[in-house]
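What follows is a short report on a single structure.
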There are 2 protein chains.
Amino acid sequence: MVEELDSRKKRILQAIIQEHIISASPIGSRTLAKKYNLDVSPATIRNEMADLEDLGYLEQPHTSAGRIPSDKGYRYYVDQLVSREQNQEPGVIENIENLYQDLQDVQDIISGMAKMLSNMTHYTAMVSEPKSQISRLKKVEIMQLANNSLLLVLVTDAGMVNNKIINLDQNLLAEKISYINNFLSDKLENKLLANLDSNYLKKVEKELMARLDLSVDLFKQFYNEFEGAFEPGAVKVYIGGTSYILEQPEFNDLKKVKKMLKLLDQEEMLNKIINSISGTDLEIKIGQENEVEDIKNCSLVVATYYISNRAVGKIGVIGPTRMEYPRVISSVDVISDILGKLISKASG
Amino acid sequence: MVEELDSRKKRILQAIIQEHIISASPIGSRTLAKKYNLDVSPATIRNEMADLEDLGYLEQPHTSAGRIPSDKGYRYYVDQLVSREQNQEPGVIENIENLYQDLQDVQDIISGMAKMLSNMTHYTAMVSEPKSQISRLKKVEIMQLANNSLLLVLVTDAGMVNNKIINLDQNLLAEKISYINNFLSDKLENKLLANLDSNYLKKVEKELMARLDLSVDLFKQFYNEFEGAFEPGAVKVYIGGTSYILEQPEFNDLKKVKKMLKLLDQEEMLNKIINSISGTDLEIKIGQENEVEDIKNCSLVVATYYISNRAVGKIGVIGPTRMEYPRVISSVDVISDILGKLISKASG
DNA sequence: TTTAGCACTCAACAGCAGAGAGTGCTAACA
DNA sequence: TGTTAGCACTCTCTGCTGTTGAGTGCTAAA
């Protein structure tokens with residue numbers, strides 16, 4: 001399906017895509033001949049363009065218009081014509097790292113990076129929280145706030161902090177709390193979150209109840225919260241720069257904007273989108289390649305970020321298929337790197 | 001400036017506003033005579049409309065168009081022609097309360113209520129976090145995560161939980177941590193946050209250092225975090241239903257939509273907007289009455305919510321001046337009530 | 001004071017012509 | 001055989017025009 005194109009066809013395809021990325025409108029043979037010194041006449045270019053259209057790399061909105069790239073055309077461009085080398089100016093990475101190095105809070109880092117990425121690319125950025133399933137529980141502790149009110153604090157080794165206020169219908173003595181904390185530390189800390197499923201929790205609960213001589217009801221709520229805190233589906237997605245999509249000419253239609261914004265309002269949808277990317281490295285989904293119906297006219301550039309060499313989350317950008325791929329790719333690359341480093345550092 | 005209008009003028013003004021809220025376009029005399037049985041001919045209505053325009057309650061987009069209400073017109077409508085009685089169907093309040101009563105987390109309650117409000121009104125809703133200045137610190141505790149890494153947990157009596165991971169360049173023994181916790185509890189808990197300013201904190205720090213025989217540097221970062229956590233300006237604003245503004249015909253212009261979305265993207269701006277409302281009860285700002293320049297073509301309906309009889313935060317709605325005031329007013333009223341109750345209960 | 005009648009205004013819309021950009025095809029050329 | 005100039009053709013876009021319709025303000029009569 002992916003033919004090898006001769007070098008002139010490659011040059012022409014590349015030129016059309018680059019020009020289209022800038023102008024957002026169909027490109028004609030004359031424009032191409034003038035702006036890119038291809039050393040052939042417009043007529044020749046026209047022939048080549050007709051060929052490229054037959055092969056599926058280009059499309060024609062109507063008979064007397066120029067050509068625009070098809071999804072297949074962009075795919076070829078991204079795979080064959082864009083060098084994936086880091087072409088960020090030197091120093092940028094250090095600057096960003098320095099700028100954010102004081103942040104200790106993982107949530108702050110994530111939303112900061114989402115903003116940074118959307119600023120750099122001028123597209124909408126999204127970042128998923130570090131996946132908890134492959135993290136370990138680093139700390140569990142309950143503390144007493146008032147007579148019947150406890151605060152449950154959970155910290156993962158990825159630095160994610162989770163806390164819940166729990167109201168009990170019964171008072172709890174300080175010694176018991178301290179006993180519970182020791183017990184829970186022993187049973188739960190340093191375990192993989194994936195292993196802390198309801199079965200295991202129920203067992204721990206039973207044992208604890210037996211030792212404490214307390215009613216089971218007392219801790220029912222506690223375990224509900226606990227279970228909920230690290231559900232696999234509960235990955236939060238941060239987005240930044242929603243308003244950038246309005247700058248894209250392909251969203252000049254109010255209906256499209258509306259659809260898009262509704263989409264980005266729904267957290268489940270973002271989850272679905274960002275989790276539909278299976279690749280372990282930087283991955284690009286162009287138009288129809290996307291699984292989620294509503295973004296089949298968009299492109300995604302998503303990278304995985306790592307904490308101590310384990311893949312834990314995704315960071316990426318969503319924009320029109322007519323996207324500045326080279327720039328976006330390098331930005332996503334850089335930012336995903338920095339994000340991993342910052343979180344690693346913050347979670348010590 | 002606010003003349004007393006005779007009853008026929010009132011009826012006509014009310015009819016025009018109600019009709020305009022539905023149709024979003026200028027209202028003519030014939031339409032009015034047909035749809036509302038005012039028992040006078042269109043010609044008479046025209047005369048009255050000319051009067052109302054002279055008085056500033058109506059405007060005419062161009063000579064041969066109908067009239068639309070001015071800001072002053074809406075103001076009169078809201079003040080004199082809308083009954084502020086709760087006209088929510090009975091049971092709605094109970095239903096919502098039941099729906100959300102399981103939520104223990106204050107942040108969840110707030111964002112849930114923002115969503116609920118935007119769903120009910122079909123405008124964009126915003127809620128500010130409980131103001132910390134008038135809250136008391138209920139609990140302060142540090143816990144050890146790893147050798148050089150601590151977690152600082154702060155809980156206010158409004159139920160807001162704040163936590164920060166702190167990395168030290170020095171190890172800290174468990175006894176010291178326990179000593180510090182006791183010390184901090186003693187010095188900080190149950191104090192008004194407003195009183196925990198940097199002066200006071202510095203004093204506490206000094207005393208603690210002296211007793212512990214530790215270097216001052218060790219806790220520098222700690223106090224930075226601590227100070228930052230409850231800054232007066234740091235009130236977070238939750239918004240919900242951003243995409244609803246796109247449904248309003250007055251935002252048919254892409255430029256306007258863009259401006260609006262950019263505005264709502266900026267947290268400082270939301271802060272400025274919601275804090276520009278000074279009233280203690282339900283307050284309405286119509287168009288030009290708004291202080292923030294960029295929303296002078298919008299209206300705000302904002303209520304204050306209370307926790308144990310103290311005003312702590314604002315909840316409201318932003319939409320076009322052509323807003324369904326009666327419905328919005330009653331929704332904001334109801335939701336602000338429920339919000340206060342839910343938080344009170346959760347932070348019980 | 002109210003109302004019918006009427007001339008007037010203005011935005012919105014449809015229809016149309018012309019310009020401009022771009023194509024595909026053909027025939028000539030190197 | 002590949003390349004190019006020329007040309008007729010197509011289609012969108014823009015601006016102009018006339019028409020329509022909703023609505024007004026004024027006047028004069030009831």
Side-chain angles (χ1 to χ4, degrees), chain A residues 5-13 15-20 22-70 73 249-250 252-254, chain B residues 5-13 15-20 22-70 73 249-250 252-254:
Chain A
L5 301 178
D6 66 56
S7 78
R8 191 168 69 189
K9 281 200 174 58
K10 275 189 197 172
R11 282 230 308 285
I12 290 176
L13 179 57
I16 289 177
I17 292 181
Q18 281 174 6
E19 191 61 24
H20 180 67
I22 299 167
S23 71
S25 47
I27 313 300
S29 54
R30 238 177 72 87
T31 324
L32 229 51
K34 254 191 299 182
K35 283 210 184 176
Y36 298 77
N37 47 344
L38 297 166
D39 296 327
V40 283
S41 76
T44 310
I45 296 176
R46 277 204 288 284
N47 288 330
E48 295 284 37
M49 281 160 80
D51 287 353
L52 283 168
E53 188 177 351
D54 285 344
L55 292 170
Y57 294 103
L58 296 179
E59 284 168 2
Q60 209 173 12
H62 55 266
T63 31
S64 76
R67 304 299 208 290
I68 58 171
S70 66
E250 24 273 281
N252 259 345
D253 184 7
L254 257 174
Chain B
L5 301 178
D6 66 58
S7 78
R8 191 168 68 190
K9 282 200 175 57
K10 274 188 196 172
R11 280 229 309 285
I12 290 176
L13 178 58
I16 289 176
I17 292 181
Q18 281 174 5
E19 192 61 23
H20 180 68
I22 298 167
S23 72
S25 48
I27 313 300
S29 54
R30 238 178 71 88
T31 322
L32 227 53
K34 254 191 298 181
K35 283 210 185 176
Y36 298 76
N37 49 343
L38 297 167
D39 296 328
V40 284
S41 77
T44 310
I45 296 177
R46 278 204 289 284
N47 288 330
E48 295 284 37
M49 280 159 82
D51 288 353
L52 283 168
E53 189 177 351
D54 286 343
L55 292 169
Y57 295 103
L58 295 178
E59 284 168 4
Q60 210 172 10
H62 54 266
T63 31
S64 75
R67 303 302 207 290
I68 58 172
S70 67
E250 26 272 280
N252 260 345
D253 185 6
L254 259 174

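A, B, ... follow the sequence lines: proteins, then strands. Residue 1 opens every chain. Everything numeric in this text was worked out from a predicted model, so none of it was measured.
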Sub-3.5 Å donor-acceptor pair from the side chain of A:Glu48 to the main-chain atoms of A:Ile12, do we have one? no

Where the side chain of A:His20 meets the backbone of A:Pro69, is there a donor-acceptor pair that is under 3.5 Å apart? no

Flag side-chain contact, heavy atom, 4.5 Å: B:Leu58 against B:Ile68: no

Quickly work out the A:Asp6 CG to D:dG2 P distance and round it to whole Å. 12 Å

A:Glu19 CD to C:dG22 P, straight-line distance once rounded to whole Å: 10 Å

Nearest nucleotide by nearest heavy atom, which residue falls closer to the 5' end of DNA chain C, B:Asp39 or B:Pro61? B:Asp39

Side-chain donor/acceptor of A:Asn37 to backbone N/O of A:Asp39, under 3.5 Å: no

With the sugar-phosphate defined as primed atoms, P, OP1 and OP2, and the base as all remaining atoms, what B/S/- string results for nucleotides 20-30 of chain D, 5' to 3', for protein heavy atoms under 4.0 Å? --BSBB-----

Heavy-atom check, side chain of A:Arg67 versus side chain of A:Leu52, under 4.5 Å: no

Atom pair distance, as rounded to whole Å: NZ in A:Lys35 and C1' in C:dA21: 15 Å

Rounded to the nearest 0.5 Å, how far does CD of A:Gln18 lie from CG of A:Leu13? 10.0 Å

I want to verify a distance call: between C:dT2, C:dA11, D:dT3, whose nearest atom is closest to the A:Thr44 side chain? D:dT3

Protein N or O to nucleotides 13-19 of chain C N or O, pairs below 3.5 Å:
none

Separation of atom CD in B:Glu48 from atom P in C:dT1, rounded to whole Å: 11 Å

What residues, two or more places apart in sequence or in another chain, satisfy salt bridge (Lys or Arg N to Asp or Glu O under 4.0 Å) together with A:Glu250? A:Arg322

Which atom of A:Glu59 lies closest to which atom of A:Ser70, heavy atoms considered: OE2-CB, 3.5 Å

Is there a side-chain contact between A:Arg8 and A:Val40, using heavy atoms and a 4.5 Å cut-off? yes

How would you list, by chain and number, every residue that makes a side-chain contact (heavy atoms from CB on, under 4.5 Å) with B:Thr63, sequence neighbours excluded? none

Could you tell me how far apart A:Ile68 (CD1) and D:dC11 (P) are, to the nearest whole angstrom? 17 Å

Could you pull out all donor-acceptor pairs under 3.5 Å where a side-chain atom in residues 27-35 of chain A meets a protein atom, sequence neighbours excluded?
from: A:Ser29; atom 1: OG; to: A:Arg46; atom 2: NH1; distance (Å): 3.2
from: A:Lys35; atom 1: NZ; to: A:Glu19; atom 2: OE2; distance (Å): 3.1

Within this structure, what is the NZ-to-P distance between A:Lys34 and C:dG22, rounded to whole angstrom? 8 Å

Check the interface with nucleotides 26-30 of chain C: list each N/O to N/O pair with the protein under 3.5 Å, or write none.
none

